[in-house]
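Just below is one structure, and these are the notes that go with it.
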Amino acid sequence: MKKSNHPFHLVDPSPWPLTGSIGAMTMTSGMVMWFHMKNPTLMILGIVILLLTMMQWWRDIVREGTYQGKHTIMVTNGLKWGMILFIISEVFFFISFFWAFFHSSLAPTIEIGMTWPPKGIKTFNPMDIPLLNTTILLSSGITITWAHHSIMNKNHNQTIKGLFMTVTLGIYFTILQAYEYLESPFTISDSVYGSCFFMATGFHGIHVIIGTTFLLVCLIRTIKFHFSSKHHFGFEAAAWYWHFVDVVWLFLYISIYWWGS
């Protein structure tokens, strides 16, 4: 099949799906052990296996797309649809948290005092760190768009600057979110408000960390001249993901921080 008459990429045999499965099983089994026996060793081993698998699997994909020319227009279109469907699945993932929040807040039950926020909950001031974080993420949306336009206009230097600023803003957001959690006057076990707040904002925070890592890899690849003005779907996927993270935060800020408090 080395000389094919079709534009599709038939993937070479790879050990990474197997090692990824082993890592996932080890991590989930380790989580159960950690919960019940207070021993995190197996879970840490599973996380290490998963991280090593991801690094090497994505290294192979970068190699195929950048150096071996296997990401043809047809393959890239398939990757684009895969990313679009993945983001749609993520939208529904967050819809479940918003559904739980509005279900509980629009008709508060007698168990939480028939009021929202529930009695005894001291909420965050939406004009403090949450507003600053909103400004940071909106600014990062501008910088990633700047980087995207720069790469399409073959401006290598400005692409690097835009990506570097976006990664820096993503790290800054995460630090402020961690500080907010440390100073929080309530916990995840404080009624349905605490559960909804920490589940929604916590998963969003994980998405910010993933998106920042995604963009950091794109920054390194840009410095190494992996992208061209016509062939840069790795960067484009990261930009789509980051815009999705931005939009979710706007909904979180308006509904949970501002309206919900």
Should His71 and Phe233 be marked as a ring pair (Phe, Tyr, Trp, His ring centres under 6.0 Å) after you check the CA-CA gap, both sets of side-chain angles, and the distance that decides it?
CA-CA 10 Å; His71 287 185; Phe233 177 66; 8.6 Å; no
Would you check if the distance from the ring center of His204 to the ring center of Phe97 is below 6.0 Å?
no
Starting from Val62, can I reach Val167 by hopping between I/L/V/M/F/W/Y residues whose side chains sit under 4.5 Å apart?
no
Donor + acceptor pair across side chains of Tyr181, Thr201 (<3.5 Å):
yes
Any non-hydrogen side-chain atom of Phe186 less than 4.5 Å from a side-chain atom of Phe198?
yes
Distance, nearest 0.5 Å, that separates OG1 of Thr222 from CG of Leu215:
9.5 Å
Aromatic centroids of Phe94 and Trp99 separated by under 6.0 Å:
no
Report yes if some heavy atom in the side chain of Thr66 is under 4.5 Å from a heavy atom in the side chain of Phe227; otherwise report no.
no
Of all heavy-atom pairs between His148 and Phe235, which one has the smallest distance, and what is that distance?
CA-CE2, 3.4 Å
Flag if over 12 foreign heavy atoms under 6.0 Å of CD1, Ile73
no
What do the steps show when you test Asp246 against Ser140 for side-chain contact (heavy atoms from CB on, under 4.5 Å), and what is the final call?
CA-CA 8 Å; Asp246 279 358; Ser140 72; 3.8 Å; yes
For Met165, does the CE atom have more than 12 heavy-atom neighbours from other residues, nucleotides or ligands under 6.0 Å away?
no
Between Ile144 and Leu163, what is the shortest heavy-atom contact and its length?
CD1-CD2, 3.9 Å
Between CG of Leu137 and CG of Leu132, what distance do you get to the nearest 0.5 Å?
10.0 Å
Could you tell me if the ring centre of Phe86 sits under 6.0 Å from that of Phe244?
no
For the residue pair Met152 and His149, establish whether any side-chain heavy-atom pair is separated by less than 4.5 Å.
yes
Under 3.5 Å, is there a donor-acceptor pair linking the side chains of Thr166 and Trp242?
no
Has His103 got more than 12 heavy atoms of other residues, nucleotides or ligands less than 6.0 Å from its NE2?
no
Is it true that, when you exclude Met37 itself, more than 12 heavy atoms of the residues, nucleotides or ligands shown sit nearer than 6.0 Å to its CE?
no
Closest approach of Pro118 to Tyr193 (non-hydrogen atoms, all atoms of both residues):
CD-CB, 3.6 Å
Is there a side-chain contact (heavy atoms from CB on, under 4.5 Å) between Phe197 and Phe124 once you walk through the steps?
CA-CA 11 Å; Phe197 177 87; Phe124 288 105; 3.5 Å; yes
Can you find a heavy atom in the side chain of Trp34 that is under 4.5 Å from one in the side chain of Ile44?
no
Could you verify whether a donor N or O on one side chain and an acceptor N or O on the other, from Thr53 and Thr19, lie under 3.5 Å apart?
yes
Consider only side-chain N and O atoms of Trp16 and Asp60, and report whether a donor and an acceptor are under 3.5 Å apart.
yes
Could you walk me through whether Cys196 and Ile256 pass the side-chain contact (heavy atoms from CB on, under 4.5 Å) check?
CA-CA 9 Å; Cys196 287; Ile256 294 178; 5.6 Å; no
CD1 of Ile151 to NZ of Lys230, rounded to nearest 0.5 Å, is 12.5 Å
With a 6.0 Å cut-off on ring centres, are His226 and His232 close enough?
no
Could you check Tyr253 against Trp259 for ring pair (Phe, Tyr, Trp, His ring centres under 6.0 Å), going step by step and ending with a plain yes or no?
CA-CA 8 Å; Tyr253 177 74; Trp259 180 84; over 10 Å; no
Are Met27 and Met25 connected in a single hydrophobic cluster, I mean Ile/Leu/Val/Met/Phe/Trp/Tyr linked by side-chain heavy atoms less than 4.5 Å apart?
no
With the side chain counted from C-beta on, respond yes when Val208 and Gln177 share a heavy-atom pair under 4.5 Å apart, and no when they do not.
no
In Å and rounded to the nearest 0.5 Å, what is the CD to CD1 distance from Glu180 to Ile175?
14.0 Å
Could you check whether the rings of His207 and Tyr241 sit parallel, tilted or perpendicular, using 30° and 60° as the cut-offs?
parallel
State whether the number of non-hydrogen atoms from other residues, nucleotides or ligands found under 6.0 Å of Phe93 atom CZ is greater than 12.
yes
Nearest 0.5 angstrom please: Thr26 OG1 to Ile49 CD1, how far?
4.5 Å
Using side-chain heavy atoms (C-beta onward) and a distance below 4.5 Å, is Ser139 in contact with Thr143?
no
Short question: side chain of Ser261, backbone of Trp258 - any donor-acceptor pair under 3.5 Å?
yes
So which atom in Thr123 and which in Pro117 form the shortest heavy-atom distance, rounded to 0.1 Å?
CG2-CG, 3.5 Å
Can you check side-chain contact (heavy atoms from CB on, under 4.5 Å) on Asn153 and Ser229, steps first, answer last?
CA-CA 7 Å; Asn153 291 320; Ser229 60; over 6 Å; no
Determine yes or no for a side-chain-to-main-chain donor-acceptor pair under 3.5 angstrom, with Thr72 supplying the side chain and Pro7 the backbone.
yes
Ring centroid separation for Phe214 and Trp240, is it under 6.0 angstrom?
no
Leu50 versus Ala24, closest heavy-atom pair with distance
CD2-N, 3.8 Å
NZ on Lys161 to CG on Leu219, rounded to 0.5 Å
13.5 Å
Linking I/L/V/M/F/W/Y whenever any side-chain heavy atoms sit under 4.5 Å apart, do Leu182 and Leu176 land together?
no
Check whether Ser150 reaches the backbone of Asn155 with its side chain - one donor and one acceptor, N or O, closer than 3.5 Å.
no
Could you check whether any side-chain heavy atom of Lys80 comes within less than 4.5 Å of a side-chain heavy atom of Glu236, counting everything from C-beta outward?
yes
With a 4.5 Å cut-off on side-chain heavy-atom distances among I, L, V, M, F, W and Y, is there a chain of contacts connecting Leu216 to Ile61?
no
Excluding sequence neighbours, so at least two apart, what forms side-chain contact (heavy atoms from CB on, under 4.5 Å) with Leu250?
Thr134, Leu138
Between Val247 and Val91, is there shared hydrophobic-cluster membership here, with clusters defined by ILVMFWY side-chain heavy atoms closer than 4.5 Å?
yes
Which heavy atom of His9 sits nearest to which heavy atom of Val75, and what is that distance?
N-CG2, 3.6 Å
Kindly state whether the ring of Trp249 and the ring of Tyr257 have centres lying under 6.0 angstrom apart.
yes
Under a 4.0 Å threshold between the charged nitrogen and the carboxylate oxygen, would Lys122 count as salt-bridged to Asp190?
no
Minimum side-chain heavy-atom gap Trp146-Thr159 below 4.5 Å:
no
